[in-house]
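Heads up: the structure comes next, in structure tokens.
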Amino acid sequence: MVPRSSPACQSLDWKQALGQAHRDTDRLLRALGLRRQDIPDLDPDAAEFGILVPQNFAELMRPGDPNDPLLRQVLPLGAEHMPAPGFTLDPVGDAAAEKAPGLLQKYAGRALLMVTGACAVHCRYCFRRHFPYRDLGPTQPRLDSALASLAADRSIQEVILSGGDPLMLDDNQIAALINRLAQVPHLRRLRIHTRLPIVLPARVTEHLAHVLAESRLATVVVIHANHPRELGFAAEQALSRLAAQGARLLNQSVLLRRVNDDVVTLQALSERLLDCRVLPYYIHQLDPVQGAAHFQVSDKCATMLINQLRARTSGYLVPKLVREISGQQSKTQIA
Ligand SMILES: *Cc1c(COP(=O)(O)O)cnc(C)c1O
Ligand code: SF4
């Protein structure tokens, strides 16, 4: 029997795992048995938004396949520099929705708190890839002003922790933040938007799951997976630690050309999510952020895919196809 992973590997904590992430395109390609010439449109430097891929995520990619759907999500291509009409730096009007520094409110009853600019992975299609949040940190004055703004608005029942990835904070910072939020009497729900259970499953320790479960706020964790192969054994274990502590688990995906734009993949994704105790929530039409046009799928094709999915599987395995349009009162449902 070959052990599933060596003891040394199991004891790697999440900060060590993050430290060993791929930050160099050539090193990632070598790990996958690929050469630069296998990817004609490669942009090896990607200076503005550098490559970042944890090793355990890279291990889920198919070696030797330059078109691997996981690799495509993280590999910088020359196409990112092509100007595309309508693709802008702040496609969803985040800058205009700031109530306090790092606190966005677009929709009734819920506000989004950006607690860090850091992520454990750099997704090339990220709609915040140009947002000036890199210097956002959970600094005391910033949090104080966000908390004061939340406490002053009794219409807000739910706080969404976002970023960047909020689970990049350590357990003590998260516990302290949740504790402060729980002291605001009109808050009832805490939502966490995170990709770390997928790209850095070691982050989801028993202790973290406990910290999230402990507060009086109902906790919803919305993960982000786009392809069934992203949900490996380690991610499944991470998600079951969260579910075991009572967190409700939902997934949002982005519909991405040559990553998940076929019905077989979408069905397998939904089914794999359910195996991992997660319900599909949204599938987003790409936000038109500069540098991501090569991932775009037309509305017509997207609608057709969702209709095909609906004809093949249980209703609760069909995510809502939505787009974010600045100035609307909610995400706009397309199908
Ligand atoms: C998407 C988003 C939300 C959450 O919307 P739901 O439809 O409740 O998932 C909240 N605030 C902002 C700023 C958002 O962009
Ligand atoms: S995990 Fe989310 S916020 Fe981070 S780079 Fe990917 S899409 Fe952007």
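Small disclaimer: the values here were computed from a predicted structure and weren't measured. All residue numbers in this chain count up from 1 along the given sequence.
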**Request:** In sequence, state the C-alpha distance, the side-chain angles, and the governing distance for His284 and Gln252, and then conclude on side chain to side chain donor-acceptor pair (under 3.5 Å).
**Result:** CA-CA 7 Å; His284 293 265; Gln252 50 186 345; 2.7 Å; yes
Going by an N to O cut-off under 4.0 Å, is there a salt bridge joining [X] and [Y]?
X: Arg189; Y: Glu158; value: yes
X: Arg195; Y: Glu230; value: yes
X: Asp165; Y: Arg203; value: no
X: Arg180; Y: Asp144; value: yes

Return yes if some donor-acceptor pair links the side-chain N/O of [X] with the main-chain N/O of [Y] below 3.5 Å, else return no.
X: Thr219; Y: Leu212; result: yes
X: Thr303; Y: Asp299; result: yes
X: Arg272; Y: Leu231; result: yes
X: Asp68; Y: Leu70; result: yes
X: Ser298; Y: Cys301; result: yes
X: Asp43; Y: Pro76; result: no
X: Gln173; Y: Asp170; result: yes

Closest heavy-atom pair and its distance - [X], [Y]:
X: Pro319; Y: Ser270; answer: CD-OG, 4.2 Å
X: Leu71; Y: Pro66; answer: CD2-O, 3.9 Å
X: Leu256; Y: Gln73; answer: CD1-CG, 4.2 Å
X: Leu28; Y: Val53; answer: CD2-CG2, 4.2 Å
X: Asp287; Y: Glu324; answer: OD1-CB, 3.9 Å
X: Gln20; Y: Gln55; answer: O-NE2, 2.9 Å

Can you measure from [atom1] ([X]) to [atom2] ([Y]) and round to the nearest 0.5 angstrom?
X: Asn172; Y: Leu177; atom1: CG; atom2: CG; answer: 12.5 Å
X: Leu150; Y: Leu103; atom1: CG; atom2: CG; answer: 5.0 Å
X: Ile306; Y: Ile334; atom1: CD1; atom2: CD1; answer: 9.5 Å

**Request:** Please lay out, stage by stage, how Leu279 and Leu274 fare under the test side-chain contact (heavy atoms from CB on, under 4.5 Å).
**Result:** CA-CA 6 Å; Leu279 282 174; Leu274 195 80; 3.7 Å; yes
**Message:** Using 30° and 60° as the class boundaries, would you call the ring planes of His207 and His210 parallel, tilted or perpendicular?
**Reply:**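 The rings of His207 and His210 sit tilted, inter-plane angle from 30° to 60°.
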**Message:** Angle between ring planes, His122 versus Phe49, binned at 30° and 60°: parallel, tilted or perpendicular?
**Reply:** parallel
**Request:** State plainly whether one hydrophobic cluster holds both Leu249 and Val199, where clusters connect Ile, Leu, Val, Met, Phe, Trp and Tyr through side-chain heavy atoms under 4.5 angstrom apart.
**Result:**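 Yes.
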**Prompt:** Quick one: do Val222 and Leu104 end up in the same hydrophobic cluster if we chain Ile, Leu, Val, Met, Phe, Trp and Tyr together by side-chain heavy atoms under 4.5 Å apart?
**Reply:**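 No, it is not one cluster - the side chains of Val222 and Leu104 are not joined through contacts under 4.5 Å.
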**Prompt:** His294 versus Glu80: any side-chain heavy-atom pair under 4.5 Å?
**Reply:**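 His294 vs Glu80: side chains touch.
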